[in-house]
Amino acid sequence: GYVHYSASEYVEADEKEYYKLIRAKADGTEFTELCTYQTTMGNAMMHGISAENFGRVMAVHRGLAIVPFYDYDLPTLMTDYTPNTMIIDIESGSYHKLPTPNIDLTKTTYGQGDYFLYEDWLYYTISMEHSNNFKSLYRYNLVSGATEKVDISEKFTSYAVIDGCVYYSTPTKGEAPSKLLKYDLESGTVTDLSEQLAIDGTPFTNAVLMWNGEYLIIQDRHYWTGSEGIAAANKDKVLLMDKD
């Protein structure tokens, strides 16, 4: 019965920007500031997110608000900030940052906001410097606080977590199409599902994956293949795949 959202308020008197989590009753009769989770100097724009993962700017999961933000305190490859994630308890208003894994963050772009929530886990990626956009997949347990690396060896562009499996798409290389792979978190086995997506005989490319609880939604973007000929010959499409 509530809408939760992140908002900013610039106070001209002290020239600071205050970033807050707001709870509003759906009928508009109640409005509560749950917490101010970050304060910055000046009118800074802070809610950037990886363009390939639109739609995941904020989520509420198991009583926690998951909010991407720009972290000025982490070592970074960026000019002055690193994308990170704030985890906020929506009842108490207490909050903490997504803990950093035991890696050299000066050689990564960390916590880019392309997170995925499944059961007690928050999944997120880290991109490594000078590795042709190679991303590693990590997960953080919202209950125990443990951080683990998910053992995916292939390069991937997008992913979703469904029923204990990670579905992920590989990048397109020239004429070679992308693949859709399923990684079983318990057994470690990998299954290739690519043939299921060759609609009208056309393989899919550069997919962006989303999950709505019933269907895996796959945006197939031929425009980004790097070949104008491929893009001209194949229309972009949206595919729906059920979990079976």
To check you understand the geometry: which heavy-atom pair defines the closest contact between [X] and [Y], and what is its length?
X	Y	value
Cys35	Gly93	CB-O, 3.3 Å
Asp27	Thr29	OD1-OG1, 2.7 Å
Asp184	Ser187	OD1-N, 2.9 Å
Tyr124	Pro99	OH-O, 4.0 Å
Thr147	Pro101	CG2-CB, 4.3 Å
Leu216	Tyr167	CD2-CD2, 4.1 Å

Is the closest side-chain heavy-atom distance between [X] and [Y] below 4.5 Å?
X	Y	value
Thr85	Val67	no
Leu64	Asp89	yes
Met58	His4	yes
Leu34	Ile88	no
Ile66	Val60	no
Ser136	Lys149	yes
Arg62	Glu119	yes
Asp120	Arg139	no

Verify side-chain contact (heavy atoms from CB on, under 4.5 Å) between Tyr183 and Val150, making sure each step is shown before the conclusion.
CA-CA 10 Å; Tyr183 174 80; Val150 180; 3.9 Å; yes
If you round to the nearest 0.5 Å, how far is [atom2] of [Y] from [atom1] of [X]?
X	Y	atom1	atom2	value
Ile162	Glu214	CD1	CD	11.5 Å
Glu33	Leu21	CD	CG	10.0 Å
Leu122	Tyr140	CG	OH	8.5 Å
Leu142	Ile87	CG	CD1	5.5 Å
Thr32	Lys20	OG1	NZ	12.5 Å
Asp14	Glu17	CG	CD	10.5 Å

Look at the side chain of [X] and the backbone N and O of [Y], then say whether any donor-acceptor pair between them is shorter than 3.5 Å.
X	Y	result
Ser92	Ser94	yes
Ser194	Leu180	yes
His61	Phe116	no

Would you say Tyr18 and Tyr95 are hydrophobically clustered, going by side-chain heavy atoms of ILVMFWY under 4.5 Å?
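Shared cluster, no.
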Hydrophobic cluster membership, Tyr118 vs Tyr168, 4.5 Å side-chain cutoff:
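In one cluster with Tyr118: Tyr168, yes.
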Just checking, any donor-acceptor pair under 3.5 angstrom between side chains of [X] and [Y]?
X	Y	value
Ser6	Tyr37	yes
Thr157	Ser169	yes
Tyr2	Arg23	no

Can you spot which of Leu193, Val166, Thr170 makes a side chain to side chain contact (heavy atoms under 4.5 Å, CB included) with Leu181?
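For Leu181, the side chain to side chain contact (heavy atoms under 4.5 Å, CB included) check succeeds only for Thr170.
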Please state whether the rings of Tyr159 and Phe156 are parallel, tilted or perpendicular, taking 30° and 60° as the class boundaries.
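If you compare the ring of Tyr159 with that of Phe156, the planes turn out perpendicular.
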Students often mix this up, so state it plainly: with edges at 30° and 60°, are the rings of Phe31 and Tyr5 parallel, tilted or perpendicular?
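It falls in the tilted class, 30° to 60°.
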Glu9 bridged to Lys16 by N-O distance under 4.0 Å
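So Glu9 does not pair with Lys16 through a salt bridge.
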Take Lys155 and Lys135 through the side-chain contact (heavy atoms from CB on, under 4.5 Å) test and state the conclusion after the steps.
CA-CA 7 Å; Lys155 290 184 178 181; Lys135 293 193 291 188; over 6 Å; no
Run the side chain to side chain donor-acceptor pair (under 3.5 Å) check on Glu15 and Tyr10 step by step: do they pass?
CA-CA 7 Å; Glu15 298 183 341; Tyr10 179 67; 5.1 Å; no
Taking atom CG of Asp242 as the centre, report whether more than 12 heavy atoms of other residues, nucleotides or ligands fall under 6.0 Å from it.
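Counting other residues, nucleotides and ligands, CG of Asp242 exceeds 12 neighbours.
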